[in-house]
Amino acid sequence: MKKLAKYLLVSVLVLLLAGWLLLSVFDANQLKKPVLGWLNEHTELDLTIGRLEFNPLHPYTLLAEDVQLGNWFSARQLYLQLATLSPLSGQTRIATLDLIDGKLQLDNATELALPDNLANITIDELNTKNLSLTWNDWEVGGADLALSQWQPRRQGEWQWWSDLKVSGQLRQLSHPALDMAQINLAGHISQRQLMLERMQSRLFGGLFDSALTLNLPTRELTLNAPQFSHNKLQFEQLPRLAQNWTLLLNRAHIKDVSITSPTLTANGIDGDIRYLEWQDGGLPEARGTWKAEEAVLDWLRLDNHQGQLLSSREQLGLNVRGRAYQGTFDSELSWYPQQGRLDIDDLQLQGNKLNWQPDLYWPVPDVRIHKLNLNQGELLSLDPRLPLSLLGGELFIADLAWSAAQWRPLSEQARLEGSWNEVAFDSLIARHGHFNARLDDTRLLLDKLSTDALDGRINLDGSLGLYPPHQGKIRLEGKELELRRLSHWLQAERDFSGQLDISADLAGTLRQPASWEGSLTLDGRDIFIEKLGLDDWLKHRLGEDYRHPTRVAPLLAALDLEQSDGFIYRAELKGAVKQGRWQLDGSAIQSVRHLLAIRGTLDFAGRWLLELGTINDQGCRELAIRLEDTWRAPRLRLHQPELNTPCQPWYRGPVPYPAAGLPGRLTEAVRKLEQQAR
């Protein structure tokens, strides 16, 4: 009996040894092809495996290499350790599942059809190393994750968002509008929401630290107490949120963040966002504060400033104050993007120095100014077409709107008030000016404009229609104006100087010269005109024989005038304006030796019909000069009319006969002088 037991024990040991030796040389890859063929045929997995390591002595452990599942998943190595396999009850529990160098393309993923005996699958621990994942425009690279307590399949239904715990690192997370790197995360999935207690990463060259909740069913991403530090945001265009998604921020903190985009550049931004809710198709609902070292919005540049933000989906409210253009500013603004409208509720500017660039334009089509106050402002135009500068400018605007390239009032209190220490347009300078203006639905009403200009004083008031045909009315008074300043500004062909008083009361339509009505008076004194020798020219004409009306070539007459300079002691041109024609009557010019009376019309459209007379000391005309046609191409006729005794005065007016004028009949006196000179 003892021998039989001994033989049986030896036989069992031999059989076990032989079985162990047989299993040790067992090659699972020989079964790979028929097993995979059966699986793909009955489950539609489309699974391929390059190499398989499996030992029947350890049936719950499997190592597969070069695994490919359809065109959406692959892994260099897959390690599987089962805790429980109960096909009859449909219960499968995986103790460990490791994916090495996996690639997952969710856009191509298909539903895995598994048999009923795999109705329930639970994974105690799933680990990935260097996993790559793509989904829509999102890409994840170098993901080392640890997932635990996950049941992806229950009662034959896949539930990828079932509860689990997750932690790990991502080397990179990228999107066309987002780039994150070196991400550390820890959290869990509960009730189909990914909740990360903490997520840290590199974001746009800076740091990001936040708690995060991602709710895929409702398409909401919530960041709780996020911190952005030293981030450099660069956008080719302002980012837009994906359709039907919502971004929520609670108690966000920003430190030394910069923004670069085609329209906005800002540096050194620090701030706090109390809350933000952003959905596609509108502004975010938000509230927060910030300060920044500088910000450039198109041509607008702000230096050190701080502000408050209060935004809804239809309106962006901003309170901003700080420094800009070497001065200070304080503003309350409202922006309505759907209407393209900016409301300037209050804007205070102090000591700002503005530069006007040739390519400046106003990008907002609709602006409403409720209150604007500029103090001690300066303006310098760098546009050669607009040689303008302003010093000591004061401006107040209330209830005005700019839309459709047109100003309009917002209320009956719409008005403008302003003053300046000095305004220079090219070489023309005006100092110590002030104006008051109002705006109604159809007109700009200039109640008063008063300034020192041309070394004299100018007062102006009137009105101008806002809409075509732009009817206007003007009342102008100018006293002791220096024509030398005007000569330099106009860069006229002939220099001129002297003093001029002007009085005008006119009404008409812009660009319709024939519509103007009113009166115009010019009163000049001590006027010098280069190359306009009026005295010599009149003397020569008086000494010639024009007893019969004679046409004279205007070019020859002009050439004769240019032989010397002219000096006018007194000039008075006055008369009514009717249908765009200035009707001169009782007008005269007193040169050194002659008195030239003027009658006729000057047409604002560029034509004239004038009768001029060289007047003797009795007020009678001895040389009749007729000018007609256009100013630039005149026709000239000369005539020496016969004088009765006593003669009929042709001019009686305020301009006196010159003290150095010849007495008696001019033609006789001139000819006697010529004979004496011979």
Side-chain angles (χ1 to χ4, degrees), residues 28 32 39 45 47-55 58-70 72-86 91-109 112 114 118 120-135 138-154 158-174 180-190 192-202 211-214 216:
K32 179 181 65 176
L39 283 174
L45 288 178
L47 177 65
T48 61
I49 299 176
R51 182 174 178 274
L52 188 66
E53 291 187 10
F54 174 73
N55 193 326
H58 304 281
Y60 287 171
T61 302
L62 174 69
L63 176 63
E65 296 182 351
D66 300 327
V67 178
Q68 182 78 38
L69 186 60
W72 58 277
F73 174 75
S74 65
R76 185 173 62 84
Q77 287 186 335
L78 184 151
Y79 176 78
L80 174 67
Q81 182 179 359
L82 292 175
T84 303
L85 178 61
S86 302
Q91 300 291 333
T92 302
R93 190 175 191 87
I94 299 175
T96 303
L97 177 60
D98 294 340
L99 303 178
I100 312 299
D101 296 335
K103 294 182 179 180
L104 181 59
Q105 298 180 353
L106 292 179
D107 295 331
N108 300 328
L112 296 176
L114 298 181
L118 295 175
N120 297 287
I121 299 177
T122 301
I123 302 176
D124 293 340
E125 184 178 341
L126 187 153
N127 301 300
T128 70
K129 185 175 182 180
N130 195 29
L131 173 68
S132 298
L133 183 148
T134 60
W135 177 49
W138 292 90
E139 293 186 7
V140 175
D144 297 338
L145 299 176
L147 283 67
S148 59
Q149 306 303 316
W150 184 31
Q151 186 177 10
R153 185 171 172 85
R154 183 176 182 181
W158 291 102
Q159 47 177 20
W160 302 106
W161 281 84
S162 61
D163 294 356
L164 60 82
K165 294 181 179 180
V166 61
S167 62
Q169 300 83 36
L170 308 179
R171 185 178 68 248
Q172 186 174 13
L173 173 63
S174 61
M180 304 178 72
Q182 302 177 16
I183 304 170
N184 294 308
L185 54 88
H188 62 281
I189 292 178
S190 177
R192 306 188 69 184
Q193 297 183 60
L194 172 62
M195 291 178 283
L196 301 179
E197 287 80 11
R198 190 170 189 184
M199 179 178 179
Q200 297 174 301
S201 74
R202 301 285 299 180
L212 178 149
T213 300
L214 175 63
L216 277 180

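Counting from 1, the numbers follow the sequence of the chain as shown.
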What's the spacing between Arg192 CZ and Leu214 CG if we round to 0.5 Å?
12.0 Å
side-chain hydrogen bond (donor to acceptor under 3.5 Å, both in side chains) partners for Arg202, two or more places apart:
none
CD of Gln149 to OG1 of Thr122: how many Å apart, nearest 0.5 Å?
9.0 Å
Gln151 vs Asn120 side-chain heavy atoms within contact, under 4.5 Å
yes
Using the side chain to side chain contact (heavy atoms under 4.5 Å, CB included) criterion, which residues pair with Ser174? Sequence neighbours excluded.
Glu139, Gln172, Asp179
Side chain to side chain contact (heavy atoms under 4.5 Å, CB included) filter on Glu65, not counting sequence neighbours, yields Arg51, Gln77
Pair Leu194-Leu196, side chain to side chain contact (heavy atoms under 4.5 Å, CB included): steps then yes or no:
CA-CA 6 Å; Leu194 172 62; Leu196 301 179; 3.8 Å; yes
Under 3.5 Å, is there a donor-acceptor pair between the His188 and Glu197 side chains?
yes
With sequence neighbours excluded, tell me which residues meet side-chain hydrogen bond (donor to acceptor under 3.5 Å, both in side chains) with Gln159.
none
Who pairs with Asp66 by salt bridge (Lys or Arg N to Asp or Glu O under 4.0 Å), at least two apart in sequence or on another chain?
none
Just wondering, do Tyr79 and Leu62 contact through their side chains at under 4.5 Å, heavy atoms?
no
Enter the distance from Glu125:CD to Ser148:OG here, rounded to the nearest 0.5 Å.
7.5 Å
Roughly how far, to the nearest 0.5 Å, is the CG atom of Leu63 from the CG atom of Leu52?
8.0 Å
What's the spacing between Met199 CE and Leu185 CG if we round to 0.5 Å?
6.5 Å
Are the side chains of Leu147 and Lys165 in touch, meaning some heavy atoms are under 4.5 Å apart?
no
Note: Gly142 and Ser132 closest approach over all heavy atoms is N-OG, 4.5 Å
4.5 Å side-chain heavy-atom contact, Thr92 and Leu82:
yes
Sequence neighbours left out, cut at 3.5 Å: what donor-acceptor pairs do the side chains of residues 94-105 make with other protein atoms?
residue: Asp98; atom: OD1; partner: Asn127; partner atom: ND2; Å: 3.0
residue: Asp101; atom: OD1; partner: Asn130; partner atom: ND2; Å: 3.0
residue: Asp101; atom: OD2; partner: Arg76; partner atom: NE; Å: 2.5
residue: Asp101; atom: OD2; partner: Arg76; partner atom: NH2; Å: 3.3
residue: Gln105; atom: OE1; partner: Asn108; partner atom: ND2; Å: 3.0

Under the salt bridge (Lys or Arg N to Asp or Glu O under 4.0 Å) test, which residues partner Arg198, sequence neighbours left out?
Asp209
Within the supplied structure, the quantity of interest is the number of heavy atoms (other residues, nucleotides, ligands) at a distance under 6.0 Å from Gln182 CD; does it exceed 12?
no
Using the salt bridge (Lys or Arg N to Asp or Glu O under 4.0 Å) criterion, which residues pair with Arg93? Sequence neighbours excluded.
Asp124
Quick one: pull up CZ in Arg153 and CD1 in Ile123 and give me the separation to the nearest 0.5 Å.
12.0 Å
Residue pair Ala143 / Thr128: nearest heavy atoms and the distance that separates them:
O-OG1, 3.1 Å
Once ring-ring contact (aromatic ring centres under 6.0 Å, His included) is applied, do any residues pair with Trp135, and if so which ones, sequence neighbours excluded?
none
Looking at residues at least two apart in the chain, or sitting in another chain, which of them share a side-chain hydrogen bond (donor to acceptor under 3.5 Å, both in side chains) with Ser162?
Trp150
Sequence-distant partners of Trp161, ring-ring contact (aromatic ring centres under 6.0 Å, His included), two or more places apart:
none
